Amino acid sequence: MKSLTVGQMDTSGLYYHDYLHLDQLLDAQRLESAKDGEPVHDEMLFIVVHQAYELWFKQILWELDDIMAAFSGLTFDEYDTARVVGRLRRINVIQRLLLTQIDVLETMTPMDFLDFRDYLVPASGFQSVQFRLIENRLGVRPQDRLLFEGAPYTHRLQPGHRELVEAAEAEASLHAAVDAWLARTPFLESYRFWDAYQASVGKMLAADREVIATNPNLGEDERAEQLHSFDKTMEQFEAAFDPDRHAQMMAAGSRRMSYRAFQAALFISLYRDHPALQEPYRLLELLLDVDEGFTTWRYRHALMVQRMIGAKIGTGGSAGAKYLLKLAERNRAFPDLLVVPTFLVPRSARPELPTDLIAQMQFRYQQ
Ligand code: HEM
């Protein structure tokens with residue numbers, strides 16, 4: 001290490017400004033309005049906020065790549081689970097930041113926006129390649145997307161970008177990786193969990209039905225109504241116990257997760273108190289957090305758009321806020337994880353785990 005005397009500045013080594021390529025980064029804010037000789041003050045904010053988003057999208061993709069690398073290893077052990085949990089948590093914290101960035105943009109009033117909005121046509125956030133790559137890496141399916149002017153979402157992208165986004169549709173997604181990981185859950189093999197669970201649920205549901213049928217405080221109409229909604233619940237459970245019904249739902253597109261993965265997700269959720277299942281449960285929880293994080297952002301973005309442009313059409317040509325609100329719930333990657341809570345039973349009705357399985361699930365420390 002070089003020694004410096006007081007007052008002497010060493011700028012010969014790596015230099016902050018160069019390391020971060022700030023010349024390029026800080027020279028990348030070119031106002032369209034300035035081309036007419038009258039730069040509009042708030043266009044700078046508009047550009048900086050969008051660029052900040054794209055930088056964070058880049059970081060999210062970086063984390064997703066690492067998550068996929070962890071999943072693609074030969075074995076996916078506790079270390080990999082912890083690594084994936086850490087990455088997903090980071091993505092989720094970034095998402096919270098992305099949400100509050102909208103507050104910064106909303107310091108621009110609709111009138112301020114109108115001063116430069118026409119310069120933007122036909123460009124739109126709809127063309128964000130990185131946003132589409134994130135969606136596709138997570139596992140949003142092309143068939144679930146809304147058509148835009150009767151065409152797929154990629155039609156507004158330049159050719160090179162379109163190929164990139166379409167290629168990401170074809171690549172293995174996080175959804176597929178999680179499905180395969182869940183389907184490999186080892187404890188399901190050694191313990192006939194499904195039979196035990198089915199028997200417990202059967203007992204619980206029969207007791208519930210008996211309570212409704214014999215409750216002296218219910219009038220006949222009320223009883224009939226409650227029995228009707230009870231039968232609906234029964235139907236859902238019966239469908240969950242029937243692999244053929246599950247396969248039909250998968251074929252129809254209303255279920256995405258394989259039957260085996262669904263069983264594993266339910267097993268992990270039911271027995272998440274067990275130390276061996278805590279990290280897998282945390283992973284499932286974070287997948288929901290991340291999926292929900294994007295849905296929340298979509299709603300927040302749609303509300304901001306409503307506030308900014310009212311009922312006007314978007315610069316990209318869509319029906320604006322109306323279109324975005326319709327879209328908000330749609331592009332989800334892990335909707336099946338939201339089905340799992342339907343089938344959770346109270347701890348009192350949960351089948352006990354066999355002692356040999358509990359022993360198998362213990363962490364062992366070797367001296
Ligand atoms: C004044 C602020 C904004 C307005 C008025 C606005 C408006 C719109 C509109 C109307 C659309 C639908 C497509 C269209 O017709 O153009 C859209 C889509 C989109 N915008 Fe914005 N936007 C704003 C800010 C942002 C910001 C800061 C981002 C961050 C990257 C962003 C990202 C997106 C994305 C990713 C889509 C596609 C949504 C999807 O298809 O799921 N927008 N925006």
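Atoms within a ligand are numbered from 1 in the order they appear, just like the ligands themselves. Computed from a predicted structure; not experimentally measured.
The nearest heavy-atom contact from the protein to atom 34 (C) of ligand 1 is G125 O, 3.3 Å. Scanning all protein heavy atoms for the shortest distance to atom 5 (C) of ligand 1 gives F113 CE2, 3.6 Å. In this structure, atom 20 (N) of ligand 1 lies nearest to the protein heavy atom H301 NE2, 3.0 Å. Atom 16 (O) of ligand 1 has its closest protein heavy atom at S124 OG, 2.7 Å. With respect to atom 32 (C) of ligand 1, the closest heavy atom belonging to the protein is W297 CH2, 3.5 Å. Looking only at protein heavy atoms, the nearest one to atom 11 (C) of ligand 1 is L324 CD1, 3.6 Å. The protein heavy atom nearest to atom 4 (C) of ligand 1 is V305 CG2, 3.8 Å. Counting protein heavy atoms only, atom 40 (O) of ligand 1 is closest to R132 NH2, 2.8 Å.
Between the side chains of D103 and T100, not a single donor N or O lies within less than 3.5 Å of an accepting N or O. Under the 3.5 Å distance criterion, with hydrogens and angles disregarded, a donor-acceptor pair is assigned to the side chains of S128 and E54.
Annotation: R89, atom CZ; neighbour count of heavy atoms from other residues, nucleotides and ligands within 6.0 Å does not exceed 12.
Using a cut-off of 4.0 Å between Lys/Arg side-chain N and Asp/Glu carboxylate O, R141 and E169 are scored as not salt-bridged. With respect to R132 and E135, a salt bridge is recorded, a charged nitrogen being found less than 4.0 Å from a carboxylate O.
Between the choices G314, S318, P110, the shortest heavy-atom distance to atom 12 (C) of ligand 1 belongs to S318. Residue H50 holds the heavy atom nearest to atom 25 (C) of ligand 1 of all those in E54, H50, Q51. With distances taken over non-hydrogen atoms, the option nearest atom 2 (C) of ligand 1 out of M304, R307, Q101 is M304. Of all the listed residues (V121, V49, L327), L327 holds the heavy atom that lies closest to atom 41 (O) of ligand 1.
Counting the atoms of ligand 1 from 1 in the order shown, those under 4.0 Å from a heavy atom of G316 are 14 (C), 15 (O), 16 (O). Close approach to G320 involves these atoms of ligand 1, each under 4.0 Å from a residue heavy atom: 10 (C). Per-residue contacts place R298 under 4.0 angstrom from the following atoms of ligand 1 (heavy atoms of the residue considered): 41 (O). Near F46, meaning under 4.0 Å from any of its heavy atoms, are these atoms of ligand 1: 1 (C), 2 (C). Every atom of ligand 1 with a heavy atom of M108 under 4.0 Å away is listed here by number and element: 1 (C).
Polar contact check, Y53 against ligand 1: no nitrogen or oxygen pair lies under 3.5 Å apart. Here's the thing with F131: none of its N/O atoms is less than 3.5 angstrom from an N/O atom of ligand 1.
Between F343 and F237, the two ring planes are perpendicular [angle over 60°; tilted spans 30° to 60°]. Ring geometry for W194 against Y259 counts as perpendicular: the plane angle is over 60°, on a 0 to 90° scale with 30° as the lower cut. Classification of the F267-Y271 ring pair by plane angle, with boundaries at 30° and 60°, yields tilted.
Note: F148 and Y323 meet the aromatic proximity criterion, with ring centroids under 6.0 Å apart.
With a heavy-atom cut-off of 4.0 Å, I313 does not touch ligand 1 at all.
Between V339 and R255 the shortest side-chain heavy-atom distance falls below 4.5 Å.
Under the salt bridge (Lys or Arg N to Asp or Glu O under 4.0 Å) test applied with D66, the options R137, R90, R83 reduce to a single match, R83.
Relative to the six-membered ring of Y153, R145 meets both conditions, a distance below 6.0 Å and an angle of at most 45° to the axis.
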